[in-house]
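Shown next, in structure tokens, is the structure this report addresses.
Numbers for residues simply follow the sequence, beginning at 1.
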Amino acid sequence: MGSRIEHRGEFDGSLADVFAAVAGEEALRARLAEQGGDDAKLLTYTAEAEADSVRYELQHGIKAAKLPQAVRALHKGDIIVNRTQTWKRSGDEYTGRSDVSVGGVPGEISASTYLTRGAKDGKVLLRTSGEVVVRIPLFGGRIEEFVSEQVVNLLRNEDEFTAQWLAEHA
């Protein structure tokens with residue numbers, strides 16, 4: 001069935017500035033250096049100005065010692081997380097998709113992402129809605145819950161980085 005992911009962040013600034021802080025190559029590299037974990041890398045980055053679209057792949061590393069016991073029992077060693085994100089401008093917002101795979105774990109994370117200006121207060125809203133699916137009998141549900149909590153924590157940390165980036169660069 002899967003575990004749901006729902007997250008919402010709010011930022012001050014123009015839509016273009018927030019988009020650059022969320023999906024710009026310079027901001028992504030800085031965010032990975034600060035929060036990406038072990039062996040973090042920006043694997044690919046492609047921006048198409050005419051189509052107002054961006055596609056990038058990130059790699060995060062998680063040391064085995066930082067994993068919960070249930071995960072260590074099923075997976076030996078460190079974990080490499082690969083995340084592919086696409087963004088495309090659509091009118092006055094950006095819509096996107098995020099797909100995540102975890103090396104050695106049978107499952108995936110997928111999410112829809114939206115970046116738009118709020119109607120009431122003028123803040124830029126970043127919404128993420130998705131699902132974690134782990135296909136391991138008996139333990140999959142517990143691992144899904146753990147992973148979805150970790151994803152929401154990651155998104156909160158990324159929001160904090162984005163707000164700081166905007167304060168320093170906008």
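- Taking the side chain as every heavy atom from C-beta outward, V134 and V132 approach each other to under 4.5 Å.
- Side-chain polar atoms of E57 and N82 form no donor-acceptor pair below 3.5 angstrom.
- Note: Y94 and F19 have parallel aromatic rings, judged against thresholds of 30 and 60 degrees for the angle between ring planes.
- A distance of 12.0 Å separates OG in S90 from CG in L115, rounded to the nearest 0.5 Å.
- In this structure, CG in D17 is found 12.0 Å from CH2 in W165, a value given to the nearest 0.5 Å.
- Heavy atoms from other residues, nucleotides or ligands lying under 6.0 Å from CG of D121 number more than 12.
- One distance of note links CD of Q85 with CZ of R97; it measures 10.0 Å at 0.5 Å rounding.
- Electrostatic pairing of E10 and R8 counts as a salt bridge here, judged by a charged N lying under 4.0 Å from a carboxylate O.
- In this structure, L42 and L58 have side chains that are in contact, with non-hydrogen atoms separated by less than 4.5 Å.
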| field | Candidate pair V100 and H60, rule side-chain contact (heavy atoms from CB on, under 4.5 Å), full reasoning | value | CA-CA 11 Å; V100 180; H60 300 270; over 6 Å; no
| message | I'd like to know whether L126 forms a side-chain contact (heavy atoms from CB on, under 4.5 Å) with D159, so could you lay out the CA-CA distance, the side-chain angles of the two residues, the decisive distance to 0.1 Å, and finally the verdict. | response | CA-CA 9 Å; L126 173 60; D159 285 354; 4.0 Å; yes
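- The hydrophobic cluster containing V22 does not contain L125, counting ILVMFWY residues as joined when their side-chain heavy atoms lie under 4.5 angstrom apart, directly or transitively.
- At a threshold of 4.5 Å between non-hydrogen side-chain atoms, the residues T128 and E158 do not count as touching.
- Cluster annotation: L28 and F11 are assigned to the same hydrophobic cluster (Ile/Leu/Val/Met/Phe/Trp/Tyr, side-chain heavy-atom contacts under 4.5 Å, transitive).
- For the pair S148 and E131, the minimum side-chain heavy-atom distance is 4.5 Å or more.
- Atoms OG and CD1, on S101 and I80 in that order, are 10.5 Å from each other to the nearest 0.5 Å.
- The hydrophobic clustering, which links ILVMFWY residues whose side-chain heavy atoms are closer than 4.5 Å, places L155 and Y114 apart.
- Put simply, the side chain of E6 does not reach to within 4.5 Å of the side chain of V152, judged on heavy atoms.
- With rounding to the nearest 0.5 Å, the separation of OG in S98 from CH2 in W87 is 9.0 Å.
- Look at R135 and E108 and you find a salt bridge, because one of the NZ, NE, NH1 or NH2 atoms lies within 4.0 Å of a carboxylate O, short of that distance.
- Between the R83 side chain and the D99 main chain, no donor and acceptor come within less than 3.5 Å of each other.
- When all heavy atoms are compared, the tightest approach of A21 to T162 is CB-CG2, 3.8 Å.
- Look at D12 and K123 and you find a salt bridge, because one of the NZ, NE, NH1 or NH2 atoms lies within 4.0 Å of a carboxylate O, short of that distance.
- Side-chain N or O atoms of E145 include none that pairs as donor or acceptor with a backbone N or O of S3 at under 3.5 Å.
- Distance CZ/R31 to CD/Q164: 12.5 Å, rounded to 0.5 Å.
- Annotation for A47 and V54: closest pair CB-CG2, 4.2 Å, computed over non-hydrogen atoms.
- Contact between D92 and L15 at its shortest, heavy atoms only, is O-CD2, 3.3 Å.
- Applying the side-chain hydrogen bond (donor to acceptor under 3.5 Å, both in side chains) test to E25 and every residue at least two apart in sequence or in another chain returns R29.
- With contacts defined as side-chain heavy-atom distances shorter than 4.5 Å, the pair R127/T116 qualifies.
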